[in-house]
Peer 1: 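Attaching a single structure in structure tokens format; questions to follow.
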Amino acid sequence: MSENSTINNNDFIREIIKEDLAAQTYKTVITRFPPEPNGYLHIGHAKSICINFGLAAEFGGRCHLRFDDTNPEKEEQEFIDSIKDNIRWLGFDWKEHEYFASSYFEQLFEFAVKLVKKGCAYVDDQSAEEIRKSRGTLTEPGKASPYRSRSIEENLNLFIRMRAGDFKDGEKTLRAKIDMTSPNLNMRDPVMYRIMHRTHHQTKDQWCIYPMYDFTHGQSDALENISHSICTLEFEDHRPLYDWFIKELGIHHPRQIEFARLNLTFTVMSKRKLLKLVQEKHVNGWNDPRLPTISGLRRRGYTPCSIRDFCIRIGIAKANSTVDVALLEHCLREDLNKNAQRMMAVINPVKLVVDNYPVDRHEEFQAENNPENPAAGSRPVIFSRTLYIERDDFMEHPAKGFFRLFPGGEVRLKYAWYIKCTGIIKDPSSGEITEIHCTYDPATRGGWSTDGRKVKGTLHWLSAAHAQSAEFRMYDRLFTAINPEAGDKEFTEYLNPRSLEIKKGFIEPVLASAAPLQRFQFLRTGYFCTDTDSSRANPVFNRITGLKDTWAKIMAKNE
RNA sequence: UGGGGCGUGGCCAAGCGGUAAGGCAACGGGUUUUGGUCCCGUCAUUCGCAGGUUCGAAUCCUGCCGCCCCAGCCA
């Protein structure tokens, strides 16, 4: 992470916490990250993770990991595993504080019983449809359920029978008795328990009634002694309800603070939409490198450090906002520029023959591993008569401002020699250039001339006889629209047909044995990492992101 | 037409009555054996709008306007 990144430790949440600590409202800062295990985590969750774990670390407190697993219908063990894996990969540790709302089911049931006994809750026989109809609308108050005035004894008996399995799914619910005329719809007798004869991934078949999130979250926070319960804006309306439950139950009151969730340009962030992309196979699984999931970013080659840095830089506020994905890419490049080893790879190769270089000769040059870090040392690269260079580095008819190779032009081959283009050979049928011919200047060993002659262009290259072939997966943004959810069409209509292009090229031979997910900067082309599909025989590299490309910008502007 | 939030440059975001931080993007220039990195410079007389209070307002008051969220037995 960079030293100069703007860390604003004065966001409104920190301000509130400092006040609370000063006023002794809470002694220790205890936060929690409470995912539902019904999907994979994405970068929006990373923001929340960084806030919660970051706050705990900063104030010397702790952060719990709690799975809010109250809906067995949508949850799976696979998601629990991936969530834990993702948080660890991001660099956070919840230590022994791993909890499940489902392990509070008995306690929650007792809380519910207590509310029934206080006359604060009742069993409703209305169907979901009837409940919906009687809830009223935004402008009209709701109507009381005909079962609202049942006796405490009857409610208690019914609720116990609900638990015992005496009723079918949907036959009854337990509702909080609050206020059917409240302007806050969450207070119009919200459902606390529903009947669901379903096996739960944690509690198995122990329960056939499950508490609703609204009856679970606040009390779970209370049970864990959470001091600051940080959540997203849409729960602001639920806070009065959580406060009501906590007050009636007489338990610990955490302070809930809401912040705006993260949106990113050129992608989608909702679980529902990500699920759709996965299920309809627009991408290859939850860890597809084009997805904003943590698993996807990881496989793409993003570093945990760059994601944490990004989460700090975007700040925390309550205004809905969409952060430019360029900022994420910036954080990534900043980290990788400093830390990624440089390598040479030719992604779109064309043959280059050095006519005055002996056929049977080859020699080694030392290439620096990272100009930003001399301690990274150097490695040998082999030069020979026949090389591969990037097709884009040659223009038969050079555009204005093009200072790479062209007929009669001279460039430097990085670390090696100055070469001058003497001619080209084309495929007579297609017109495609098949070979570029050149001569090298023996007085420019290592790429230095002694006569003060300067060349502007420096190209990367690979010895054809020594290079190892490889596959490059050139990833680009998944969507072509800055906001895929904004148009009239379904968001999938804005998928970028060129979000993945496979290229076959060459790499330095040692790269074939690079470990999975190892990151490199391929000189002049971008940052890449070995994909998990990579093997020694068939090395595969993912393009994490390109280098900034001033030339491409100039070309684009001239069009 | 109910309730809850939010409006500071293209995108984020500081600012908490004393005269608009910072980052990203963009645009110029310098260095450079990566058209990368790095360095230097430019980029809001103005804070959704209109009034008011004040010597002084993005900050306080009033009224408008705009955007987001809420009518799951989802979380």
Side-chain angles (χ1 to χ4, degrees), chain A residues 4-8 10-11 15 34-36 38 68-71 73-75 124 126-129 131-133 135-142 169-175 182-188 190-196 210 212-214 216-217 232-240 258 260 265 271-272 313-331 333-334 337-338 342 344 368 371-372 401-404 411-416 418 446-448 455-460 482 521-526 546-554:
Chain A
N4 57 17
S5 63
T6 43
I7 298 172
N8 170 31
N10 219 30
D11 57 75
E15 219 160 84
E36 184 195 14
N38 69 341
D68 271 340
D69 54 349
T70 54
N71 188 354
E73 209 156 65
K74 296 182 174 174
E75 298 155 8
D124 195 349
Q126 288 186 113
S127 67
E129 176 75 4
I131 289 180
R132 186 172 60 75
K133 278 184 179 153
R135 187 159 17 234
T137 67
L138 294 180
T139 52
E140 302 155 29
D169 284 9
E171 213 174 311
K172 286 179 167 42
T173 57
L174 182 72
R175 291 230 261 167
S182 173
N184 180 346
L185 304 214
N186 293 306
M187 302 298 271
R188 320 242 264 227
V191 172
M192 292 161 61
Y193 273 89
R194 75 283 219 185
I195 298 170
M196 263 178 137
Y210 289 97
M212 298 290 291
Y213 173 85
D214 277 350
T216 306
H217 190 83
T232 43
L233 257 23
E234 67 270 29
F235 293 105
E236 215 147 13
D237 284 347
H238 297 239
R239 196 173 51 206
E258 307 85 4
T265 55
K271 275 190 189 171
R272 200 211 104 226
R313 292 206 200 198
I314 56 177
I316 310 168
K318 296 189 70 163
N320 289 318
S321 61
T322 302
V323 176
D324 192 336
V325 72
L327 178 59
L328 213 210
E329 289 165 355
H330 169 82
C331 294
R333 288 195 187 101
E334 190 175 74
N337 173 56
K338 205 176 298 174
R342 272 57 170 177
M344 292 202 281
E368 58 185 347
E372 305 297 316
F402 182 83
F403 54 72
R404 274 114 91 153
V411 295
R412 170 192 297 113
L413 292 179
K414 180 105 176 165
Y415 304 124
Y418 281 13
W448 302 99
V455 291
K456 194 120 195 262
T458 299
L459 311 186
H460 60 282
I482 189 164
Q521 183 197 95
F522 289 165
L523 232 51
R524 304 208 306 130
T525 59
L547 253 25
K548 278 199 199 157
D549 192 344
T550 308
W551 174 241
K553 200 183 274 183
I554 293 168

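Residue numbers begin at 1 in each chain, while the letters A, B, ... track the order of the sequences.
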Peer 1: Using a cut-off of 4.0 Å on non-hydrogen atoms, how would the nucleic acid contact of A:P34 be classed: base, sugar-phosphate, or nothing?
Peer 2: nothing
Peer 1: Is the phosphate of B:A71, meaning OP1 or OP2, less than 4.0 Å from a side-chain N or O of A:K133?
Peer 2: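 It does not, given that no N or O in the side chain of A:K133 lies less than 4.0 Å from OP1 or OP2 of B:A71.
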Peer 1: So if I take every side-chain heavy atom of A:Q521 and compare against B:U34, B:A75, B:C68, which nucleotide ends up nearest?
Peer 2: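 Among B:U34, B:A75, B:C68, the one nearest the side chain of A:Q521 is B:U34.
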Peer 1: Determine the interatomic distance between C1' on B:U31 and the same-named atom on B:G36; round to the nearest Å.
Peer 2: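 After rounding to an integer number of Å, I get 13 Å for this pair.
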Peer 1: If I pick the C1' atom on B:A57 and the same atom on B:U62, what distance separates them, to the nearest angstrom?
Peer 2: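 My reading of the C1' atoms in B:U62 and B:A57 gives 15 Å.
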Peer 1: For A:R524 and A:T458, indicate whether the former's side chain and the latter's backbone hold a donor-acceptor pair under 3.5 Å.
Peer 2: yes
Peer 1: Pick base, sugar-phosphate or nothing for A:A128, based on heavy-atom distances below 4.0 Å to the nucleic acid.
Peer 2: base
Peer 1: Check this for me: does the side-chain of A:R132 come within 3.5 Å of the base of B:G72 through a donor and an acceptor?
Peer 2: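 No such pair is found, so the answer is no.
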Peer 1: Donor-acceptor check, side chain of A:R188 to backbone of A:S182, threshold 3.5 angstrom: yes or no?
Peer 2: yes
Peer 1: Can you measure A:I314 atom CD1 to B:A13 atom C1' for me and round it to whole angstrom units?
Peer 2: 11 Å
Peer 1: Would you say a side-chain N or O of A:H460 is under 4.0 Å from OP1 or OP2 of B:U34?
Peer 2: no
Peer 1: Can you tell me if the side-chain N/O atoms of A:T458 get under 4.0 Å from OP1 or OP2 in B:U32?
Peer 2: no
Peer 1: Rounded to whole angstrom, note down the C1' distance from B:A21 over to B:C61.
Peer 2: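 Roughly 28 Å separates the two C1' atoms.
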Peer 1: Using a strict threshold of under 4.0 Å (side-chain N to carboxylate O), is an ion pair present between A:E171 and A:R194?
Peer 2: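 The answer is no: the pair does not qualify as a salt bridge.
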Peer 1: Decide, yes or no, whether a salt bridge links A:K74 with A:E36 under the criterion of side-chain N to carboxylate O below 4.0 Å.
Peer 2: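 Salt bridge: no.
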Peer 1: What's A:T265 touching, base or sugar-phosphate or nothing? Going by heavy atoms closer than 4.0 Å.
Peer 2: nothing
Peer 1: Report the distance from atom NE2 of A:H238 to atom P of B:G72, rounded to the nearest whole Å.
Peer 2: 12 Å
Peer 1: Counting any heavy atom closer than 4.0 Å, what does A:I131 reach on the DNA or RNA strands: base, sugar-phosphate only, or nothing?
Peer 2: base
Peer 1: Counting any heavy atom closer than 4.0 Å, what does A:M196 reach on the DNA or RNA strands: base, sugar-phosphate only, or nothing?
Peer 2: nothing
Peer 1: Please report the shortest heavy-atom distance between A:N184 and A:D237, naming the atom on each side.
Peer 2: ND2-O, 2.9 Å
Peer 1: Whole angstrom is fine here: how far is it from CG in A:D237 over to C1' in B:G3?
Peer 2: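 Computing the A:D237:CG to B:G3:C1' distance gives 7 Å.
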Peer 1: Looking at A:K318, I'd like to know whether one of its side-chain N or O atoms comes within less than 4.0 Å of OP1 or OP2 on B:C68.
Peer 2: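 No, A:K318 has no side-chain N/O under 4.0 Å of OP1/OP2 on B:C68.
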Peer 1: For B:G4 and B:G63, measure between their P atoms and round to the nearest Å.
Peer 2: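 Roughly 15 Å separates the two P atoms.
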Peer 1: So, under a plain 3.5 Å distance rule, would you say the side chain of A:R333 forms a donor-acceptor pair with the base of B:U37?
Peer 2: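 Answer no: no donor N or O sits under 3.5 Å from an acceptor.
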Peer 1: Should the side chain of A:E258 and the base of B:G4 be counted as holding a donor-acceptor pair, with the cut-off at 3.5 Å?
Peer 2: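 Side chain to base: no pair below 3.5 Å.
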Peer 1: For the pair made of CG in A:N337 and C1' in B:G35, what is the distance, rounded to whole Å?
Peer 2: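 That distance rounds to 15 Å.
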Peer 1: How close or far is atom P of B:C70 from atom CG of A:L233, stated in whole angstroms?
Peer 2: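 Roughly 11 Å, once rounded to whole Å.
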Peer 1: Please name the pair of heavy atoms, one in A:N337 and one in A:E372, separated by the smallest distance, quoted to 0.1 Å.
Peer 2: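 Result for this residue pair: O-CG, 3.2 Å.
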Peer 1: Counting any heavy atom closer than 4.0 Å, what does A:F402 reach on the DNA or RNA strands: base, sugar-phosphate only, or nothing?
Peer 2: base
Peer 1: Just call it for A:S182: base, sugar-phosphate, or nothing, with non-hydrogen atoms closer than 4.0 Å on any strand.
Peer 2: nothing
Peer 1: So what does A:E75 touch, heavy atoms closer than 4.0 Å: a base, only the sugar-phosphate, or nothing?
Peer 2: nothing
Peer 1: Work out which heavy atom in A:E258 is nearest to a heavy atom in A:E236; give both atom names and the distance.
Peer 2: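 In this case the closest contact between A:E258 and A:E236 is OE1-OE2, 3.4 Å.
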Peer 1: Do A:Y210 and A:T70 come within less than 4.5 Å of each other through their side chains, counting heavy atoms only?
Peer 2: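 They are not in side-chain contact.
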Peer 1: Of all the nucleotides listed (B:A71, B:A75, B:G5), which has the minimum atom distance to the side chain of A:E36?
Peer 2: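 Of all the options, the side chain of A:E36 is nearest to B:A75.
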Peer 1: What's the CG-P distance between A:N320 and B:G48, to the nearest Å?
Peer 2: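 Atom-to-atom, A:N320 to B:G48, this comes out as 16 Å.
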Peer 1: Which nucleotide in the list B:C24, B:G35, B:G36 gets nearest to the side chain of A:I554?
Peer 2: B:G35
Peer 1: A:M212 has a side chain; which of B:C73, B:C70, B:U34 sits nearest to it?
Peer 2: B:C73
Peer 1: Tell me what A:K553 touches on the nucleic acid: a base, only sugar-phosphate, or nothing, going by heavy atoms under 4.0 Å.
Peer 2: sugar-phosphate
Peer 1: Which of the following nucleotides, B:G7, B:C74, B:C69, is nearest to the side chain of A:E234?
Peer 2: B:C69
Peer 1: For A:T137, answer base if it contacts any base atom (sugar-phosphate contacts may also be present), sugar-phosphate if it contacts only those atoms, and nothing otherwise; contact means non-hydrogen atoms under 4.0 Å.
Peer 2: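 The residue A:T137 makes base contact.
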Peer 1: Any side-chain N or O of A:R194 below 4.0 angstrom from OP1/OP2 of B:C74?
Peer 2: yes
Peer 1: Contact class for A:F403 (heavy atom, under 4.0 Å): base, sugar-phosphate, or nothing?
Peer 2: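 Since a base atom lies under 4.0 Å of A:F403, the category is base.
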Peer 1: Specify the residue among A:A326 and A:E368 whose closest nucleotide of RNA chain B lies further upstream toward the 5′ end.
Peer 2: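 The residue mapped nearer the 5' terminus is A:A326.
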Peer 1: Starting from C1' on B:U37, measure out to CZ on A:R524 and report it in whole angstrom.
Peer 2: 15 Å
Peer 1: Looking at A:E129 and A:K133, does any basic side-chain N land under 4.0 Å from a carboxylate oxygen?
Peer 2: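 Yes, this pair counts.
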Peer 1: Can a side chain N or O of A:R135 be found less than 4.0 Å away from OP1 or OP2 on B:C73?
Peer 2: yes
Peer 1: Please classify the nucleic acid contact of A:L523 as base, sugar-phosphate, or nothing, using heavy-atom distances under 4.0 Å.
Peer 2: base
Peer 1: What's the gap between B:A44 and B:A20 when it is taken at their P atoms, as a whole Å value?
Peer 2: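 Rounded to whole Å, the distance is 12 Å.
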Peer 1: Taking the P atom of each, how far is B:U1 from B:C16, in whole Å?
Peer 2: 35 Å
Peer 1: I want to check one thing: is the phosphate of B:G36, taken as OP1 and OP2, less than 4.0 Å away from some side-chain N or O of A:T550?
Peer 2: yes
Peer 1: Checking all strands, does A:L547 fall into the base, sugar-phosphate, or nothing category for heavy-atom contacts under 4.0 angstrom?
Peer 2: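 A:L547: base contact, heavy atoms under 4.0 Å.
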Peer 1: Looking for any heavy atom pair under 4.0 Å, which part of the strands does A:N71 touch: base, sugar-phosphate only, or nothing?
Peer 2: sugar-phosphate
Peer 1: Looking only at side-chain atoms of A:D549, point me to the closest of B:G23, B:G2, B:G35.
Peer 2: B:G35
Peer 1: By nearest nucleotide on RNA chain B, pick out whichever of A:L328 and A:K548 is the more 5' one.
Peer 2: A:L328
Peer 1: Distance check: side-chain N/O of A:N38 vs OP1/OP2 of B:A75, anything under 4.0 Å?
Peer 2: no
Peer 1: Roughly how many Å is it from CD in A:E15 to C1' in B:A14, rounded to a whole number?
Peer 2: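 Taking atom C1' of B:A14 as the reference, CD of A:E15 is at 11 Å.
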Peer 1: Mind telling me if B:G72 is syn or anti? Syn here is a glycosidic angle within 90° of 0.
Peer 2: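 Syn.
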